[in-house]
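This report concerns only the one structure given below.
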Protein chains: 2
Amino acid sequence: MTEARATDPRYLQVARALRQDIVDGIYPVGSQLPTEHALCERFSVSRYTVREALRRLREDHLISSRPRTGTLVVPRTSTSSYAQDVMSIDDLMAFATGARFAIHANKMLTIDADLADRTGLPVGEEWLAVGGFRQVEGAPNPVCFTEYYINRAFAAVGRLLQRHHGPVFPLIEDMFGRSIVEVHQEIAAVLMRSDLAARLDVDPGTAALELRRTYKTSDGEIAQVTINTHPSSRYRHSMTLRRVEG
Amino acid sequence: MTEARATDPRYLQVARALRQDIVDGIYPVGSQLPTEHALCERFSVSRYTVREALRRLREDHLISSRPRTGTLVVPRTSTSSYAQDVMSIDDLMAFATGARFAIHANKMLTIDADLADRTGLPVGEEWLAVGGFRQVEGAPNPVCFTEYYINRAFAAVGRLLQRHHGPVFPLIEDMFGRSIVEVHQEIAAVLMRSDLAARLDVDPGTAALELRRTYKTSDGEIAQVTINTHPSSRYRHSMTLRRVEG
DNA sequence: GGTAATTTGTCCGTATGTATA
DNA sequence: ATATACATACGGACAAATTAC
């Protein structure tokens, strides 16, 4: 049960009791809740306490109060309007902060079948490819291997990457004035490639997390594709979704 | 404009004035706001009115109050102004739709050190554990192994799981009237456990994607933890983030 | 290191406003 | 017109715990 801890403030105890009554159908959806005055008497508390309790239930969208008409038990919102969730971009770039990027390769190349499969880009197109290991200050080994594939229209940012910290797409936005409006992310579990295993100092055949992000401009054009390969021992992808008003 | 309509309630006028002072730097980020008592005197209103005003500013994450230490002006989270990203809950539950859940185990258990590590729950607590394989119509093999760990306060939903399709947390919301307001998700790459490998019909030692989701109520209480283990060959985690106005 | 002042959180009783049924 | 019921508002009080002395 939802224990009613005696130590909890009164308004929480009242909120709990009313919540229970609502889910038990004592106050069915669509019905009026008793007036605040009546609830004061029932729980032997002041109007302040009742109103704090009702405020909690309102925040949970269990009830809806309107002046002079009373307080209504409302149906739970349907799944469609159910939830919009926000993820902070911090999560998206968390791994990048404070990490140094040691460039390993930086050249134009043509997408072949293998790369097309890994990046989702069309075979035959020319893209700027930049690869390197991401190093955290003080740590002995790189945290991940990163590949950037940058649309040739924005290839000029390639020269800036050496001195740049953090995510690359703001560079594109600054240099070309094109906004990145959509990021598509795919995460897969793979086995560590043997050539990377050595450089990352893990055993080949261990698990690795492969993150692929595709950055699209408002035109729907793909500006950049990034692939990060993390040894599973050093990385968990983490994010928090919070429900916002709908 | 933020016109101070004389008809507005006093607490809104106070909130507006304080908001203006904060953006004007009169109360810089990191500084203490005057005490509630001081604000009562400044605006010649009661403490009730000041507290209602501060409540509005808190809801906007402009300030943060802590008992006995006062009220602090907090920095606007870079994330909220920078980019907020929307992910539909469809993505979150996409995997579940159309899949049948074959329950394999359903019992109360005590969290031991190993489970604590895997779930993030405290050692020693009792949780309802439900495990099973998720099966898609027509496919020969299960798509993943799913473990639910459900707060004993909500363990009553366990009986409904047999006949239930789709995500579990709406059940909790309906039965107990508690909203899930936050979902934390962690994704890691692991090697397939041998006992699961047989049931999922993949080789042991292949890569697997482990998704852990923690569902929190508005009280900050953890209602449920879900762990999904997907063979890498059958699953990529995919989502799209769209930038919205800050 | 104990003590007093401070500050938010909680709670009460009371009163007025306001628009509806 | 009147009673109703939520919204707003005041003043007073104690609790708990951090902070300063």
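Convention: sequence-line order gives letters A, B, ...; per-chain numbering from 1.
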Nearest whole Å is fine: how far is D/dC10 C1' from B/Tyr48 OH?
10 Å

Keeping to residues at least two apart or across chains, list the salt bridge (Lys or Arg N to Asp or Glu O under 4.0 Å) pairs with something in residues 37-46 of chain A.
A/Asp21-A/Arg42

Contacts of B/Thr110 that satisfy side chain to side chain contact (heavy atoms under 4.5 Å, CB included) - sequence neighbours left out
B/Glu126

The criterion is side chain to side chain donor-acceptor pair (under 3.5 Å); which residues satisfy it with B/Glu125, sequence neighbours excluded?
B/Trp127

Could you give the CG-to-P distance, from A/Leu33 to D/dC6, as a whole number of Å?
9 Å

Please list, chain by chain and in numerical order, all residues satisfying ring pair (Phe, Tyr, Trp, His ring centres under 6.0 Å) with B/His104, sequence neighbours excluded.
B/Phe133

Contacts of type salt bridge (charged side-chain N to carboxylate O under 4.0 Å, His left out), residue B/Arg10, not counting sequence neighbours
none

For DNA chain C, note the earliest and the latest nucleotide, 5' to 3', having some atom under 4.0 Å of a heavy atom belonging to chain B.
C/dT7 to C/dT10

According to a strict under-4.0 Å criterion, is B/Arg10 in side-chain N/O contact with OP1 or OP2 of D/dC10?
yes

Report, as a single string ordered 5' to 3', how protein heavy atoms within less than 4.0 Å touch nucleotides 12-21 of chain D: B base, S sugar-phosphate only, - not at all.
-B--BBSS--

Can you list everything that forms a side chain to side chain donor-acceptor pair (under 3.5 Å) with B/Arg51? Sequence neighbours excluded, please.
B/Glu36

List the atom pairs, donor and acceptor, that lie under 3.5 Å between side-chain atoms in residues 66-75 of chain B and the rest of the protein, sequence neighbours left out.
from	atom 1	to	atom 2	distance (Å)
B/Thr69	OG1	B/Arg66	O	3.2
B/Thr71	OG1	B/Ser65	OG	3.1

Once side chain to side chain donor-acceptor pair (under 3.5 Å) is applied, do any residues pair with A/Asp24, and if so which ones, sequence neighbours excluded?
A/Gln20

N-O pairing of B/Glu59 and B/Arg55 below 4.0 Å
no

To the nearest Å, give me how far apart CZ (B/Arg55) and P (D/dA9) are.
13 Å

List in chain and number order the residues that pass side chain to side chain donor-acceptor pair (under 3.5 Å) with B/Glu147, two or more places apart in sequence or in another chain; answer none if no residue qualifies.
B/Arg118, B/Tyr149

Hey, can you pull the residues of residues 34-46 of chain A with a non-hydrogen atom under 4.0 angstrom from DNA chain D?
A/Thr35, A/Glu36

